[in-house]
Number of protein chains: 2
Amino acid sequence: MSRKNDKRNRLVEAANDLIYQQTFNSTTLADIATKAEVPLGNVYYYFKTKDDILKAVVLKRSAVLQELFTTWDQQFAQAKDRLRAFIRHSIESADTTARFGCEMGSLCQELGKYSGELSHLAAELMHKTLNWVESQFKALGKNEETASTLAKYLISSMQGVSLLTLTFKDPSLIQRQSKNLENWLEAA
Amino acid sequence: MSRKNDKRNRLVEAANDLIYQQTFNSTTLADIATKAEVPLGNVYYYFKTKDDILKAVVLKRSAVLQELFTTWDQQFAQAKDRLRAFIRHSIESADTTARFGCEMGSLCQELGKYSGELSHLAAELMHKTLNWVESQFKALGKNEETASTLAKYLISSMQGVSLLTLTFKDPSLIQRQSKNLENWLEAA
DNA sequence: GTCTATACATGGATAGAC
DNA sequence: GTCTATCCATGTATAGAC
């Protein structure tokens, strides 16, 4: 990988973290450049605008998500085990969720208020996630409509608890809920 | 009410709407002043800082919430009917939720990432809501712990669906979920 | 490809006339 | 109490030397 891509990657990585920890709107190009150890003016060689950085960040997140899903698909033969891995994954990030919220959820919340192109960006991440969960429920023998309903239920449950976790700075909320969702999954 | 309070109220009202529709961070004092039809410089006679406006907005929202709860407490003798009113209330705002998210939820999401005093501001609104719902479950004969669990479940469900509603710009998500929650409430 | 210097707009906040 | 003018910091983006 060329040095050029290395710098670009550092910028995307830094932007990803800062956007998560602060919100996109309040993250400045100076913040990103500093964290990536790239001079401010040089940022514009890699990205025409701040929005372009956001797009790159979302693309990156989408790829990370895809990788995660693919891993679980390969690692577990049973759809229930995959969904369990998905639920347990949220436990691992309980502490950071208590500090900054859900990475995907908070971006959807922020960009959802925008009008225009950026508005749909984060929605694609949510859509991807929803689709994967839905396909797992279909693999469990649920019909199209039921699978869709269950997927929305699971995702919205996790998103709701993530918000409470952030609001009250209490990671145990996610931990307890995950247990409940695992039981719910067993019965579903 | 004096003319002074009238102007102040207009500012708080305008700030409330704009903070909801845009986020606190991206709402400027000029925005607020314009919407309230108050000259920019005059804003500082009523509020020392932008943060102070936010505090006033949260206080106002807290009062509105209190009024809502008091109304339901008086209007319905049965706790189940009160909770039903609470659930149905979210249906009424489904369309605006699809555009801007949940008023309380989006503020909690944004301020939750802050450090310092502002971080706890929105949490108080959530806390107030949680407490009221919890007390209704207690009135239904649930013990302290069960009531707390059920309250968190109800609130987080609604918050999660609000986020999906915003993300996919689909008010019907709230409508369907509300039906489900009413059924759940019947069985609880 | 890289980086410094800087243009230009915006936003929070203040001074001070009325 | 009210409002205009303005200060000053910050933020996005560009020009142009290296």
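Chain letters run A, B, ... following the sequence lines, proteins first and then strands; every chain starts at 1.
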The residue, T28(A) or G41(A), whose nearest nucleotide of DNA chain D is more 5′ is T28(A)
Using atom CG of N25(B) as one end and atom P of dG11(D) as the other, report the distance to the nearest whole Å.
10 Å
Checking dA13(D), dC3(C), dG12(C) against the side chain of L29(A) (C-beta onward), the nearest is dA13(D)
One thing to verify: whether D51(A) and K55(A) come together as a salt bridge, which I'm taking to mean a side-chain N less than 4.0 angstrom from a carboxylate O.
no
Is E13(B) salt-bridged to K60(B), going by a charged N under 4.0 Å from an acidic O?
yes
Within less than 4.0 Å of OP1 or OP2 of dG1(C), is there a side-chain N or O belonging to Y46(A)?
no
Among dC3(D), dC3(C), dA13(D), find the nucleotide with the atom closest to the side chain of K7(A).
dC3(C)
Does a side-chain N or O from Y44(B) land closer than 4.0 Å to OP1 or OP2 of dA13(C), or not?
yes
Rounded to the nearest angstrom, tell me the gap between atom CD1 in I32(A) and atom C1' in dT12(D).
11 Å
Which of these, L181(A), I155(A), D81(A), L68(A), sits in a side-chain contact (heavy atoms from CB on, under 4.5 Å) with F86(A)?
I155(A)
Could you state the atom-to-atom distance from CG of L11(B) to P of dT2(D) in whole Å?
11 Å
Under 4.0 Å, counting only non-hydrogen atoms across every strand here, what does S26(B) touch: a base, just sugar-phosphate, or nothing?
nothing
Can you tell me the distance, in whole Å, between the NZ atom of K50(B) and the C1' atom of dA9(D)?
15 Å
Does a side-chain N or O from Y45(B) land closer than 4.0 Å to OP1 or OP2 of dG1(D), or not?
yes
Nearest-Å distance for atom pair CZ/P, residues F24(A) and dT12(D)
9 Å
NZ/NE/NH1/NH2 to OD/OE distance under 4.0 Å, E186(B) and R84(B):
yes
Once you round it to whole Å, what is the distance between P of dT2(C) and CG of L40(A)?
15 Å
Can a salt bridge be assigned to the pair D6(B) and R10(B) using a cut-off of 4.0 Å between side-chain N and carboxylate O?
yes
Rounded to whole Å, how long is the line connecting atom CG of N42(A) with atom P of dA15(D)?
16 Å
I need the CG-P distance between D52(A) and dT14(D), as an integer number of Å.
11 Å
